[in-house]
Amino acid sequence: MPDRCRLIEIAGKPYERGVSYGTQAAPEIRIGIAHYAKQVNALSLSDAEIERVAVAFVPRIEEFAPHHVEEMRGVARGADVPFHHILLLNARTEILKLATNPAQRAKLLSEDEPDGCTGIVIQPEASAEHRLIHAHNWDWKAESAESSIVVRIRSDDGPDILMFTEAGALGRFGFNSVGTAITANYLESDRDYRTLGFPLALLRRHVLEHGHFAQSLKSAYAIPKSTSNNMLVSTASGGLAFDLECAPDESFLVEPKDGVLVHANHWRSPVALSKLTECGVISMPDSLYRDRRLRSLIEPLIGSISVAQLKKILADNWETPWSLCRPPRPSALHNLTATVITLVMQPEIGLMEVSLLPANGNPYHDYRLEMEPTARLHRANSPF
């Protein structure tokens, strides 16, 4: 396994960016495709079936972000792989779970290991440096460490972006040059996979393509999805964080408490729980304590939380291997699941820190983005 994520930089118009992306990240893209090909083969799905389901997403993507289709075509060209394989990397869960054969879908739903995560945002009033900290533990297949990269996007049609992602995907977690940041957590409900929605990986990228925070919130809140998902969206300039628990057709707000916002992989909004059925806890019962454990460790530090303290807490191994920071362990599909990365972002200063497979004791590595002046915390009428 690598000990750090490789950084690539892309620029220009969407197709041009995509070709550059695919060319630079071709080795990791092919590794990622090979990983998911194993899962496709285990479900006895043909490549033609995957292509049929994948291309069905194209009109939905074009409805909200046609430039994403252009960029993905460029990635495919640059990496010299089929376009529908890049679609698979950008909508892997949606494509696999919307496979039309009921027996195949039932097998996937019963055996697939969800990508469980624990996210936290520390607002400026709760932090030692009086600036926002947005952090995340991403739990998924340990082998994904081999295909994970960081992409710095120099855009001529919106803010620049610094994004951690699986190679070939346009988005996962990151922030933009005006200080908007996003991470996301798996959720599951009885409304999932009834319709074709906008793929979640692309939605997270789309949130960061806006120059105004209101537009970012609108995209996260309102664009229809195929499945449930939780999104933590923050703004460094406003010093604010919002947790959006999203069903495919409706979103619910969870507020920070004492300047701290924490979320794992179960629904928390009382309004949401009165309207839909929680379906994810049965496969991830540790979610019920991961967010409470994280909050209990952070609460005594509120008002003086440092980045170093937060990193130490995110490495917590209570109840290992079902802990906040998971070491590699066998999953239901006989691969290894783990906390693939711990991600700590301070958008106001343009800093992303990533520890790859942190339970192995790997160090953090820095990735930087030049920020616009508007990304700084607006301190008018503020005690900071």
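Computed from a prediction, not measured in an experiment: that's the story for all the values here.
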**Message:** Is it the case that the side chains of T180 and H210 hold a donor-acceptor pair, with the cut-off being a distance below 3.5 Å and no angle test?
**Reply:** no
**Prompt:** Would you say the side chain of N229 lies within less than 4.5 Å of the side chain of L203, judging by non-hydrogen atoms?
**Reply:** no
**Request:** Look only at the side chain of S20 and the backbone of E16, and say whether a donor-acceptor pair between them is shorter than 3.5 Å.
**Result:** no
**Message:** With a 3.5 Å distance limit and no angle check, can you tell me whether R131 reaches the backbone of A236 through a side-chain donor-acceptor pair?
**Reply:** no
**Request:** Could you tell me whether the side chain of D291 reaches within less than 4.5 Å of the side chain of H266, counting heavy atoms only?
**Result:** yes
**Asked** Hey, is R293 close enough to E319 for a salt bridge, meaning N to O under 4.0 Å?
**Response** no
**Salt-bridge criterion met for D286 and R326 (N-O under 4.0 Å)** = yes
**Message:** Please check this pair: side chain of N185 against backbone of M231, looking for a donor-acceptor N/O pair closer than 3.5 Å.
**Reply:** no
**Prompt:** Is there a donor in the side chain of H84 and an acceptor in the side chain of D47, or the other way round, less than 3.5 Å apart?
**Reply:** yes
**Prompt:** Any luck finding a side-chain donor-acceptor pair between E372 and S177 under 3.5 Å?
**Reply:** yes
**Request:** Look at the rings of F173 and W138 and say which category their plane angle falls in: under 30° parallel, 30 to 60° tilted, over 60° perpendicular.
**Result:** perpendicular
**Prompt:** How far apart are the C-alpha atoms of D157 and K13, what are their side-chain angles, what is the distance that settles it, and do they pass the side-chain contact (heavy atoms from CB on, under 4.5 Å) test?
**Reply:** CA-CA 8 Å; D157 52 4; K13 295 190 179 299; over 6 Å; no
**Prompt:** For the side chain of W322 and the backbone of M284, is there at least one donor-acceptor N/O pair under 3.5 Å apart?
**Reply:** no
**Item:** Single-linkage hydrophobic cluster, 4.5 Å side-chain cutoff, I86 and V151 together
**Value:** yes
**Asked** So if you build clusters from Ile, Leu, Val, Met, Phe, Trp, Tyr with side-chain heavy-atom gaps below 4.5 Å, do L297 and I133 land together?
**Response** yes
**Prompt:** Should V254 and L273 be regarded as members of a common hydrophobic cluster, given that ILVMFWY residues are connected when their side-chain heavy atoms come within less than 4.5 Å of each other, either directly or indirectly?
**Reply:** no
**Request:** Starting from the C-alpha separation in whole Å, work towards a yes-or-no answer on side-chain contact (heavy atoms from CB on, under 4.5 Å) for N230 and E245.
**Result:** CA-CA 5 Å; N230 185 76; E245 293 187 335; 3.2 Å; yes
**Nearest-0.5 Å distance that lies between atom CZ in R376 and atom CD1 in I349** = 12.5 Å
**Message:** Are the side chains of L208 and I153 in contact, using a 4.5 Å heavy-atom criterion?
**Reply:** no
**Message:** Is it the case that the side chain of Q123 and the backbone of A241 share a donor-acceptor pair, with hydrogens and angles ignored and the cut-off at 3.5 Å?
**Reply:** yes
**Message:** If the threshold is 4.0 Å, N to carboxylate O, is there a salt bridge linking E166 and K141?
**Reply:** no
**R77 atom CZ, over 12 foreign heavy atoms within 6.0 Å** = no
**Message:** If the test is side chain to side chain contact (heavy atoms under 4.5 Å, CB included), which one of I120, T183, L187 qualifies with H263?
**Reply:** L187
**Item:** pair M72-L87: side-chain heavy atoms closer than 4.5 Å
**Value:** yes
**Message:** Are I50 and V53 linked, directly or through intermediate hydrophobic residues, by side-chain heavy-atom contacts shorter than 4.5 Å (ILVMFWY only)?
**Reply:** yes
**Item:** Donor + acceptor pair across side chains of D160, S155 (<3.5 Å)
**Value:** no
**Prompt:** Mind checking whether P363 and S355 have side chains closer than 4.5 Å, heavy atoms only?
**Reply:** no
**Asked** More than 12 foreign heavy atoms under 6.0 Å from CZ of R292: is that the case here?
**Response** no
**Asked** Going by the angle between their ring planes, with limits at 30° and 60°, are H206 and H67 parallel, tilted or perpendicular?
**Response** tilted
**Prompt:** Would a distance-only check, ignoring hydrogens and angles, find a side-chain to backbone donor-acceptor pair under 3.5 Å from N360 to N362?
**Reply:** no
**Message:** Less than 4.5 Å apart, side chain to side chain, heavy atoms only: is that true for L336 and E143?
**Reply:** no
**Asked** Between R92 and W140, is NZ or CZ placed under 6.0 angstrom from the six-membered ring centre and within 45° of the ring axis?
**Response** yes
**Asked** So, Q309 side chain and S306 main chain: donor-acceptor pair closer than 3.5 Å or not?
**Response** yes
**Asked** Can you tell me how far the CG atom of L170 sits from the CE atom of M163, to the nearest 0.5 Å?
**Response** 8.5 Å
**Prompt:** So, N90 side chain and G168 main chain: donor-acceptor pair closer than 3.5 Å or not?
**Reply:** yes
**Complete:** With sequence neighbours left out, the residues meeting ring-ring contact (aromatic ring centres under 6.0 Å, His included) with F198 are F64
**Item:** Nearest-0.5 Å distance, CD1 of residue I33 to OG of residue S147
**Value:** 10.0 Å
**Asked** Heavy atoms, side chains only, cut-off 4.5 Å: are I10 and E71 in contact?
**Response** yes
**Message:** Under a 3.5 Å distance rule, please check whether Y186 uses its side chain to pair with a backbone N or O of C117 as donor and acceptor.
**Reply:** no
**Prompt:** How far does OG1 of T277 sit from CG of D190, to the nearest 0.5 angstrom?
**Reply:** 4.0 Å
**Item:** Salt-bridge criterion met for E70 and R73 (N-O under 4.0 Å)
**Value:** no
**Item:** Electrostatic pair E9-R154, nearest N-O below 4.0 angstrom
**Value:** yes
**Request:** For the pair N137 (side chain) and T339 (backbone), establish whether a donor and an acceptor sit closer than 3.5 Å, ignoring hydrogens and angles.
**Result:** no
**Prompt:** In Å and rounded to the nearest 0.5 Å, what is the CD to CD distance from E348 to Q346?
**Reply:** 9.0 Å
**Asked** Is atom CG of N41 surrounded by more than 12 heavy atoms (other residues, nucleotides or ligands) closer than 6.0 Å?
**Response** yes
**Prompt:** Roughly how far, to the nearest 0.5 Å, is the CD atom of E28 from the CD1 atom of I149?
**Reply:** 6.0 Å
**Request:** Indicate yes or no: at least one non-hydrogen side-chain atom of S226 is less than 4.5 angstrom from one of L98.
**Result:** yes
**Request:** Tell me whether V233 is reachable from I122 by hopping between hydrophobic residues (I, L, V, M, F, W, Y) whose side-chain heavy atoms are closer than 4.5 Å.
**Result:** no
